[in-house]
Visitor: 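Below you will find the structure I want to go over with you.
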Amino acid sequence: MSEEIKIGLETHLQLLTDSKLFCGCPTTGEDNPNSRVCPTCLGMPGARPRLNKRAVEMGIKVALALGCETPEEMNFSRKTYFYPDMPKNFQITQFSVPVGKNGEVTMELDGKEKTVRIKRVHIEEDPGKTKHVGGAVTSSDYVLVDYNRSGIPLCEIVTEPDLKSPEEARAFLRKLADIFEYLEVYDSSDEGTIRSDANVSTGGERAEVKNITGFKDTEKALRYEIRRQENLKKRGREVERETRAYDDSSGTTKSLRTKEEEADYGYIFEPDLTKIEIRSDWKERLGEEIPELPHEKKKRYVKEHGLSKEMAAAICSDFDLAKCFEALAKEKDTKLVGNILSGPVKKVLNYNEIRFKESELNREKLRKVVEMVESDEITERNAEMIIRDIAVEDKDPEKVKEEKGFGKVTGDKLEGTVEEVVKANKEAVKDYKQGKDEALNHLVGQIMKKSGGNADPQDARKLLMERIEE
Amino acid sequence: MKEEVERVSSLASIRLSKEEKEGLEEDMENILDWFSRLDEIETEDLEPAFHPIELKNEMREDEVEETLDEDEVFQNTENEEEGFFKGPSIG
Ligand SMILES: [Zn+2]
């Protein structure tokens with residue numbers, strides 16, 4: 001890929017409030033179309049917006065957590081455009097004075113640190129959802145509109161064009177979602193609630209790709225768009241400055257005919273809302289509510305708990321997993337807890353593409369697993385098999401252990417197995433005594449096989465050597 | 001003014017006939033002319049007015065309120081289909 005790739009993202013995350021941004025309609029609940037609407041979010045004449053304080057506070061917290069400057073006073077603006085998803089023909093957003101400006105996000109990719117500059121953070125309302133009937137976006141006869149999403153509070157994060165590859169863009173979104181999750185202003189279990197528009201240039205003009213949902217699709221859409229631009233250049237053609245839409249079913253981007261410029265939106269101040277003064281005491285209080293963020297937590301885990309950087313990163317990228325780690329690390333061997341949570345637990349979560357809180361795992365169940373390993377009832381390998389089972393189904397780890405016939409072979413039983421193996425493999429024992437070290441591995445292998453994988457290979461090796469040296 | 005009318009009508013997704021366009025050209029000319037009188041006022045030393053009265057930080061708590069019933073939602077329209085509003089397709 002070319003050196004000149006520049007990607008900037010405009011990402012929307014849904015703020016986790018109970019009610020909408022400008023009215024009291026619930027943000028979750030009944031899914032029937034137009035079941036969570038009122039005159040305000042339907043844009044009825046005369047209905048006025050009433051600003052949700054919690055959404056504003058969440059926006060301020062996001063701005064502070066991203067190291068942004070916040071204004072002493074901010075306001076909302078009307079962005080005018082005519083489309084059925086916007087019943088009042090304008091969207092209430094922030095334009096000239098957003099809640100945050102000039103911040104940054106530092107993330108890690110392949111062991112290297114990378115800082116992405118944040119241009120602005122603002123709060124705005126989501127439009128409704130349209131369904132095209134009788135054709136595609138451009139050829140349909142008419143649209144059907146559901147305004148349940150109309151007025152849902154969104155936080156938009158705009159980056160400078162600092163991202164250099166689709167992988168970086170994906171890692172950035174992951175990091176952004178982690179920060180939002182730590183702030184408890186966002187529900188990360190629904191990837192659909194992270195939506196981005198991307199500005200992509202590969203040296204020439206930039207194209208804007210709209211309408212990308214989730215992490216994976218961001219990487220896919222950008223890959224496609226970069227390839228498209230590079231193919232154009234190879235054929236000696238110029239990249240045009242234009243707006244394109246990502247189509248997730250085909251994984252491609254298509255040109256949109258509309259070419260609205262910022263000036264066409266005719267921004268004016270929203271006269272139905274007052275100015276919001278961000279007083280210093282309010283800002284301070286919100287600042288105090290910001291918890292330790294992922295990169296701070298990661299550093300502390302390395303320093304305080306002696307975890308490796310990789311283990312700490314694996315645990316910190318899931319807020320609820322980190323909470324579980326901290327609770328268990330207080331009671332149990334920290335290294336062992338770290339091993340299990342960053343290893344088998346993280347693996348099974350990744351495999352199933354779920355977050356810790358969506359899995360059937362919890363602190364109590366994992367405490368039991370850790371205890372079983374600590375008391376030598378099971379091996380760490382057994383623990384992994386048990387976790388695989390209890391992550392997706394609500395099961396008791398001890399029952400699973402019994403079902404699977406796990407039980408670490410130790411003490412007399414292990415000695416008995418060693419004895420059997422030594423007697424049955426006289427040749428190998430002789431080889432070992434004559435200095436052939438690999439013969440020992442063969443013998444340990446036999447012990448593991450006889451114990452059905454339930455012995456600890458280190459223990460087996462130790463016992464075996466003691467037995468042979470007798 | 002002709003271009004201006006065309007630009008505004010396309011942004012608003014409103015198709016206009018030739019006669020309508022001509023009428024609107026004249027209207028818009030008059031409206032802009034009327035508003036251009038504002039330019040004559042000396043505003044150099046004035047703070048921009050945001051509101052007629054100085055109100056700040058009017059916000060509500062994040063509390064769920066009553067929503068409309070289905071018949072109320074659609075009482076002002078005939079363009080309903082299976083619980084959705086019907087709208088024009090804009091390509
Ligand atoms: Zn509403």
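So that the names make sense, note that chain A is the first sequence line, chain B the second, and so on, each numbered from 1.
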Visitor: Assess whether a salt bridge exists between B:K56 and A:E73, defined as any Lys/Arg side-chain N lying under 4.0 Å from an Asp/Glu carboxylate O.
Guide: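 Salt bridge present between B:K56 and A:E73.
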Visitor: Answer with side chain, backbone, both or neither: which region of A:N32 has an atom nearer than 4.5 Å to a non-hydrogen atom of chain B?
Guide: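 Neither part.
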Visitor: Which atom pair, heavy atoms only, marks the closest approach of A:S19 to B:R60?
Guide: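 Shortest heavy-atom contact: OG-NH1, 3.1 Å.
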Visitor: Give me the contact list for residues 71-86 of chain B versus chain A, heavy atoms only, anything under 4.5 Å, ordered by residue number.
Guide: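 Hits under 4.5 Å: B:V73, B:F74, B:N76, B:E81, B:E82, B:G83, B:F84, B:F85, B:K86.
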Visitor: Take atom CD in B:E20; do more than 12 heavy atoms of anything else shown fall under 6.0 Å from it?
Guide: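 Counting neighbours around CD of B:E20, more than 12 heavy atoms of other residues, nucleotides or ligands fall under 6.0 Å, so yes.
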Visitor: For A:S35, which atoms come within 4.5 Å of any heavy atom of chain B: side chain, backbone, both, or neither?
Guide: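 Contact with chain B is through the backbone of A:S35 alone.
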Visitor: Given a strict heavy-atom distance threshold of 4.5 Å, which part of A:E30 is in contact with chain B: side chain, backbone, both, or neither?
Guide: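 It is neither, since no heavy atom gets under 4.5 Å.
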Visitor: Within a radius of less than 6.0 Å around NZ of A:K101, do more than 12 heavy atoms belonging to other residues, nucleotides or ligands occur?
Guide: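 For A:K101, atom NZ is not crowded (no more than 12 foreign heavy atoms under 6.0 Å).
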Visitor: Which residues from residues 39-48 of chain A are near chain B, with near meaning under 4.5 Å between non-hydrogen atoms?
Guide: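 Listed by number: A:P39, A:L42, A:M44.
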Visitor: Need one label for A:D85: side chain, backbone, both or neither, based on atoms under 4.5 Å from any heavy atom in chain B.
Guide: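 The answer is neither part of A:D85.
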Visitor: Non-hydrogen contacts under 4.5 angstrom with chain B: give the residues of residues 278-285 of chain A involved, or none if there are none.
Guide: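 The list, in residue order, reads A:R279, A:W282.
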Visitor: Less than 4.0 Å between a side-chain N and a carboxylate O, is that true for A:K20 and B:E65?
Guide: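 Salt bridge absent between B:E65 and A:K20.
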Visitor: Determine yes or no for a side-chain-to-main-chain donor-acceptor pair under 3.5 angstrom, with B:R7 supplying the side chain and A:D264 the backbone.
Guide: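 No, B:R7 side chain to A:D264 backbone: no donor-acceptor pair under 3.5 Å.
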Visitor: Is a donor on one side and an acceptor on the other found under 3.5 Å between the side chain of B:D62 and the backbone of A:N52?
Guide: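 Side chain of B:D62 to backbone of A:N52: no pair is present.
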Visitor: Locate the shortest heavy-atom distance separating B:A12 from A:F82; write the atom from each residue and the value.
Guide: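 Heavy-atom minimum between the residues: CA-CD1, 3.3 Å.
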Visitor: I need the minimum non-hydrogen distance between A:C25 and B:T67, along with the two atoms involved.
Guide: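 Heavy atoms only, the tightest pair is SG-CG2, 3.9 Å.
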Visitor: Report the distance from atom NZ of A:K53 to atom CD of B:E61, rounding to the nearest 0.5 Å.
Guide: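 Here the interatomic distance stands at 5.0 Å.
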Visitor: Give the member of A:C38, A:P26, A:A55 that has the highest number of heavy-atom pairs under 4.5 Å with chain B.
Guide: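 With the most close heavy-atom pairs to chain B, the winner is A:P26.
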Visitor: Over all heavy atoms of both residues, which pair between A:P84 and B:P88 is shortest? Give the atoms and the distance, please.
Guide: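 A:P84 and B:P88 have their closest heavy atoms at CG-O, 3.3 Å.
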Visitor: Among B:N57, B:L68, B:D69, B:V64, single out the residue with the greatest number of heavy-atom pairs under 4.5 Å to chain A.
Guide: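 Among B:N57, B:L68, B:D69, B:V64, the one with the most close pairs to chain A is B:N57.
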Visitor: Are the side chains of A:V56 and B:M59 in contact, using a 4.5 Å heavy-atom criterion?
Guide: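 SC-SC contact between B:M59 and A:V56 confirmed.
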Visitor: Sequence neighbours excluded, which residues qualify as salt bridge (Lys or Arg N to Asp or Glu O under 4.0 Å) partners of B:E70?
Guide: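 If we apply the salt bridge (Lys or Arg N to Asp or Glu O under 4.0 Å) test to B:E70, skipping adjacent residues, there are no hits.
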